[in-house]
Amino acid sequence: MSVSLYIIFAAVSFLASVAGAICGIGGGVLIKPILDMFGVLSVASISFLSGCTVLSMSCYSVVKARLSGSSLVDMKTGTPLAIGAALGGVAGKMMFQYISGLVEDKNQVGAVQAACLLVITLGTLIYTLKKDRIKTRQVSNVWVCILIGLVLGIFSSFLGIGGGPINLVVLFYFFSMDTKTAAQNSLYIILFSQIASLVNTLVTGSVPEFGIGILVIMVGCGILGGAAGRVVNRRMDGEMVNKLFVGLMAAIMMICGYNIVKFM
């Protein structure tokens, strides 16, 4: 990889992590499709690097919030969701490896990921624009929370996005959370799903090829982005976060559309 590509990967990782920390979408939902556009690494490598970057950002954000006493995570629902997400993280990684092994042209896997992400993002955008008119629920059953977390973890790991917008919609609808509370709970869920996904990858020996330098750069930028995102988030109200979220969804859909055409 050239120096210019290293700079691009670093910038994407940092800016996506800033947005991810602000909105609670993890950052991978931006990192994965944007870096796929460049086509310099395999789909599997980008998924792994994206997951590691999101893990570093979410770990920093969650731990920092706990230590500073500013955490908005509801442990009664957040922990069962996180447990489910961890199980889903393993299941999603296994699904990705299975589907990847079925096809000779790995670009087809990228096309499937991009198509799934496009559909999920479109649904998320529609819900976000209409959420004020949608009656929400207040789920408290532990097993239902674990099941919901399982589904979120599968999507997160399979798509290599860390969590993404679907987390927020689920937290809005099933748990009646406001924007900032949902953002912190989303990062808590993402942390567990990414840890489980990473452990599974290491245990099964399915780590894809990439340069160690790019991993260090992306993880470092993920932490820096998480720190910057926390600072910005404190200065933004819920309405501003919502507007940023909607703008990001529109951008992600355009990138996914491009990647579908590119990988086909």
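Remember, it's a predicted structure, so these values are computed and weren't measured experimentally.
- Here Lys64 contributes atom NZ and Ser71 contributes atom OG; the two are 13.5 Å apart, rounded to the nearest 0.5 Å.
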- request: I would like to know whether Leu81 and Phe192 meet side chain to side chain contact (heavy atoms under 4.5 Å, CB included); could you show each step before the answer?
  value: CA-CA 9 Å; Leu81 283 168; Phe192 279 77; over 6 Å; no
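- Here the CG atom belonging to Asp74 is positioned 10.5 Å from the OH atom belonging to Tyr188, to the nearest 0.5 angstrom.
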Let me check something: any side-chain donor-acceptor pairs from residues 225-241 under 3.5 Å, sequence neighbours excluded? List them with distances.
from	atom 1	to	atom 2	distance (Å)
Asn233	ND2	Ile22	O	2.9
Asp237	OD1	Glu239	N	3.2
Asp237	OD1	Met240	N	2.8

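- Cluster membership for Val18 and Val63, using ILVMFWY side-chain heavy atoms within less than 4.5 angstrom, is not shared.
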Compile the donor-acceptor pairs under 3.5 Å between side chains in residues 137-155 and protein atoms, sequence neighbours left out, one pair per line.
from	atom 1	to	atom 2	distance (Å)
Arg137	NE	Tyr173	OH	2.9
Asn141	OD1	Trp143	N	2.9
Asn141	OD1	Val144	N	3.0

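- Rounding to the nearest 0.5 Å places OG of Ser58 at 7.0 Å from CD of Gln194.
- The minimum heavy-atom distance linking Leu72 with Gln184 is given by the pair N-OE1, 2.7 Å.
- With a 4.5 Å cut-off on side-chain heavy atoms, Thr128 and Phe245 count as touching.
- Closest of all the heavy-atom pairs between Ala196 and Ala86 is CB-O, 3.0 Å.
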field: Trace of the side chain to side chain contact (heavy atoms under 4.5 Å, CB included) decision for Val40 with Leu35
entry: CA-CA 8 Å; Val40 295; Leu35 295 187; over 6 Å; no
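- The number of heavy atoms from other shown groups lying within 6.0 Å of NZ (Lys131) is above 12.
- Ser193 OG to Ile83 CD1: the interatomic distance, rounded to the nearest 0.5 Å, is 13.5 Å.
- If you take CG on Leu30 and CG on Leu15, they are separated by 9.5 Å, rounding to the nearest 0.5 Å.
- Using a 3.5 Å distance cut-off with no hydrogens or angles, the side chains of Asp178 and Thr181 do pair a donor with an acceptor.
- Side chains of Phe48 and Leu198 form a contact here, defined as non-hydrogen atoms less than 4.5 Å apart.
- Asn259 contributes a side-chain N or O that, together with a main-chain N or O of Pro33, makes up a donor-acceptor pair within less than 3.5 Å.
- Under the 4.5 Å side-chain heavy-atom criterion for Ile, Leu, Val, Met, Phe, Trp and Tyr, Leu168 and Val62 are members of the same hydrophobic cluster.
- Residues Ile252 and Leu118 are members of one and the same hydrophobic cluster, defined by side-chain heavy-atom contacts under 4.5 angstrom among Ile, Leu, Val, Met, Phe, Trp and Tyr.
- Taking both residues in full, the closest heavy atoms of Ile189 and Ala85 are given as CG2-CB, 3.4 Å, listed atom of the first, atom of the second, then distance.
- Atom CD1 in Ile255 sits 10.5 Å away from atom CG in Asp36 (nearest 0.5 Å).
- Linking Ile, Leu, Val, Met, Phe, Trp and Tyr whenever their side-chain heavy atoms come within less than 4.5 Å puts Leu129 and Met249 in one cluster.
- The shortest side-chain heavy-atom distance between Ser17 and Leu224 does not fall under the 4.5 Å cut-off.
- Remark: side-chain polar atoms of Ser68 are paired, donor with acceptor, to backbone N or O of Ala65 under 3.5 angstrom.
- By the 4.5 Å heavy-atom criterion applied to side chains, Asn200 and Met94 are counted as neighbours.
- Between Leu187 and Ser61, the shortest heavy-atom distance links the atoms CD1-CB, 3.8 Å.
- Within the 4.5 Å cutoff, the side chain of Ser42 has no heavy atoms near those of the Glu209 side chain.
- Using a 4.5 Å heavy-atom cutoff, the side chains of Ile8 and Val12 are in contact.
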field: Steps toward side chain to side chain contact (heavy atoms under 4.5 Å, CB included) verdict (Leu49, Phe210)
entry: CA-CA 9 Å; Leu49 290 169; Phe210 56 85; 3.9 Å; yes
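- When all heavy atoms are compared, the tightest approach of Phe9 to Ser13 is O-OG, 2.8 Å.
- The two atoms that bring Ala19 and Leu248 nearest to each other are CB-CD1, 3.8 Å, heavy atoms only.
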- prompt: What's the verdict on side chain to side chain contact (heavy atoms under 4.5 Å, CB included) for Val207 and Leu202, showing C-alpha distance, side-chain angles and the deciding distance?
  reply: CA-CA 6 Å; Val207 179; Leu202 295 176; 3.8 Å; yes
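- Without hydrogens or angle criteria, Ser45 side chain to Leu41 main chain gives no donor-acceptor distance under 3.5 Å.
- Under the 4.5 Å side-chain heavy-atom criterion for Ile, Leu, Val, Met, Phe, Trp and Tyr, Ile190 and Leu244 are members of the same hydrophobic cluster.
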